[in-house]
Amino acid sequence: MAEIGTDIFKASKWLETAVIGMPTETVYGLAGNALDSLRVADIFRIKQRPYFDPLIVHVHAIEALTPLITEFPEPLKQLAAHFWPGPLTLLLPRSKALPDLVCAGLDRAAFRIPAHPMALELLRACKFPLAAPSANPFGYISPTSAKHVSAQLGDAIPYILDGGTCRVGLESTIVGMEGSSLVVYRLGGLDLTEIEDCVGKCEVRSNESSNPRAPGMLQSHYAPAKKLIVGNLDELLANNSNKPAILIVFGKYRQNYPKSLQLNLSTGANLSEAASNLFAFLRLADEAPQELILAEFVPAEGLGLAINDRLRRASYTH
Ligand code: TXA
Ligand code: MG
């Protein structure tokens, strides 16, 4: 069983030979040496992730990217200067220094500088960049605490660096370029409007589902084990009145339903707070005895777009 601790030196030692849990401001990562294909293969195996689904490479400073990329297009450089460290991942043309496995053989790799003091310290302590997908089994809800990581992957890794509860709670927003156009491949913890204020209009492609270029694009993802339906809560309650359900609400509690069965993403209707609670609440609802989870969409603006995207995917059934 993984030890949970706050010892950065110990964590960096483990990373010389193993894969560990690492905190970031978005979600916890399953981290390994990005330059060592054996460690990268461990990540895929532990996560049961398909090899076609590439990983994000984490570094502590923009300079650390130099040996890993062949080009840094100007608009993406601007985004990096504005938002790194932060919940933003950039797709950049990659050098041969990275093993093919990290980026599934693609010409671009995904890079991010996380805004979590312990993650940055850990990256500085290591002599190599860290490949880290979210530390959950493929397709399940992303972890936002060390306990979440331990619950699912604790048997497969020796150490989880505990950085507390993730402040943002949604995975990073992924941006890249196609020709001279900016494309958002995954809505996430950095608000799209902030990105567009910085570099202008972006095309949002994160809803594609066939032959996904990012697995966050898969229709079914971030999913609890039990059935989740998202929509108008009053209608959903009326249509499912025979089944005990746990509700995920935003802002107001439903007056006609037991409060103890309602998880409120943010009583003050604050989207950042809702984002930071979303995955933990999906887990709580999944662990509750009720057989069904009913949730409502949040306002489709700012971070609400990413929250609704996760709710939609979490509720998708084949
Ligand atoms: O916030 C985050 O991004 C977290 C923390 C740990 O940094 N990481 C994370 O990783 O969410 P993961 O593996 O769960 O999601 C990475 C996403 C995937 O959807 C993957 O397809 C996309 O990044 N991605 C990675 N490399 C790519 C590439 N070369 N081209 C296109 N998409 C890529
Ligand atoms: Mg993930």
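Order of appearance sets the numbers: ligands from 1, and atoms from 1 within every ligand.
- Using a cut-off of 2.8 Å, one finds that Asn136 contributes no N/O/S atom close to the Mg ion (ligand 2).
- An N or O contact shorter than 3.5 Å is missing between Lys47 and ligand 1 by distance.
- Judged purely by distance below 3.5 Å, without hydrogens or angles, the side chains of Arg167 and Ser272 never pair a donor atom with an acceptor atom.
- Between Ile4 and Ser150, the closest heavy-atom pair is CD1-CB, 3.9 Å.
- Within the 4.0 Å heavy-atom criterion, the part of Leu91 lying near ligand 1 is the side chain and not the backbone.
- Ligand 1 places these atoms under 4.0 Å from at least one heavy atom of Ala132: 6 (C), 8 (N), 10 (O).
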Under the side chain to side chain contact (heavy atoms under 4.5 Å, CB included) rule, what do His82 and Leu88 come out as? Steps first, then yes or no, please.
-> CA-CA 10 Å; His82 258 81; Leu88 169 72; over 6 Å; no

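- By the side-chain hydrogen bond (donor to acceptor under 3.5 Å, both in side chains) test, Glu287 pairs with no residue at all, sequence neighbours left out.
- The atoms of ligand 1 that sit less than 4.0 Å from any heavy atom of Leu106 are 28 (C), 29 (N), 30 (N).
- Under the salt bridge (charged side-chain N to carboxylate O under 4.0 Å, His left out) criterion, Asp234 pairs with Arg254, sequence neighbours left out.
- Listed by number with element, the atoms of ligand 1 under 4.0 angstrom from any heavy atom of Val27 are 4 (C), 6 (C).
- Some N or O of Ser172 is nearer than 3.5 Å to an N or O of ligand 1, by distance alone.
- Of the candidates Leu190, Leu170, Thr26, it is Thr26 that places a heavy atom closest to atom 5 (C) of ligand 1.
- Asp286 has no carboxylate O lying under 4.0 Å from a charged side-chain N of Arg283, or vice versa, which leaves the two without a salt bridge.
- Across the listed options Glu171, His116, His58, Arg186, His58 owns the non-hydrogen atom lying nearest to atom 7 (O) of ligand 1.
- Within the listing of ligand 1, atoms 17 (C), 22 (C), 23 (O) sit less than 4.0 angstrom from a heavy atom of Ile174.
- Here Pro87 has no heavy atoms under 4.0 Å from ligand 1, in either its backbone or its side chain.
- Comparing heavy-atom distances from atom 13 (O) of ligand 1 across Arg112, Arg108, Arg49 singles out Arg49 as nearest.
- Within ligand 1, the atoms closer than 4.0 Å to a non-hydrogen atom of Ile56 are 3 (O), 8 (N), 9 (C), 10 (O), 16 (C), 23 (O), numbered from 1 in the order shown.
- By the 4.0 Å heavy-atom criterion, Pro114 is excluded from the residues contacting ligand 1.
- We find the OG1-CZ distance between Thr24 and Arg112 to be 4.5 Å, quoted to the nearest 0.5 Å.
- Checking side-chain atoms of Tyr159 against main-chain N and O of Ala18 turns up no donor-acceptor pair under 3.5 Å.
- Judged by distance alone, with hydrogens and angles left aside, the side-chain atoms of Asn277 form a donor-acceptor pair with the main-chain N or O of Leu265 at under 3.5 Å.
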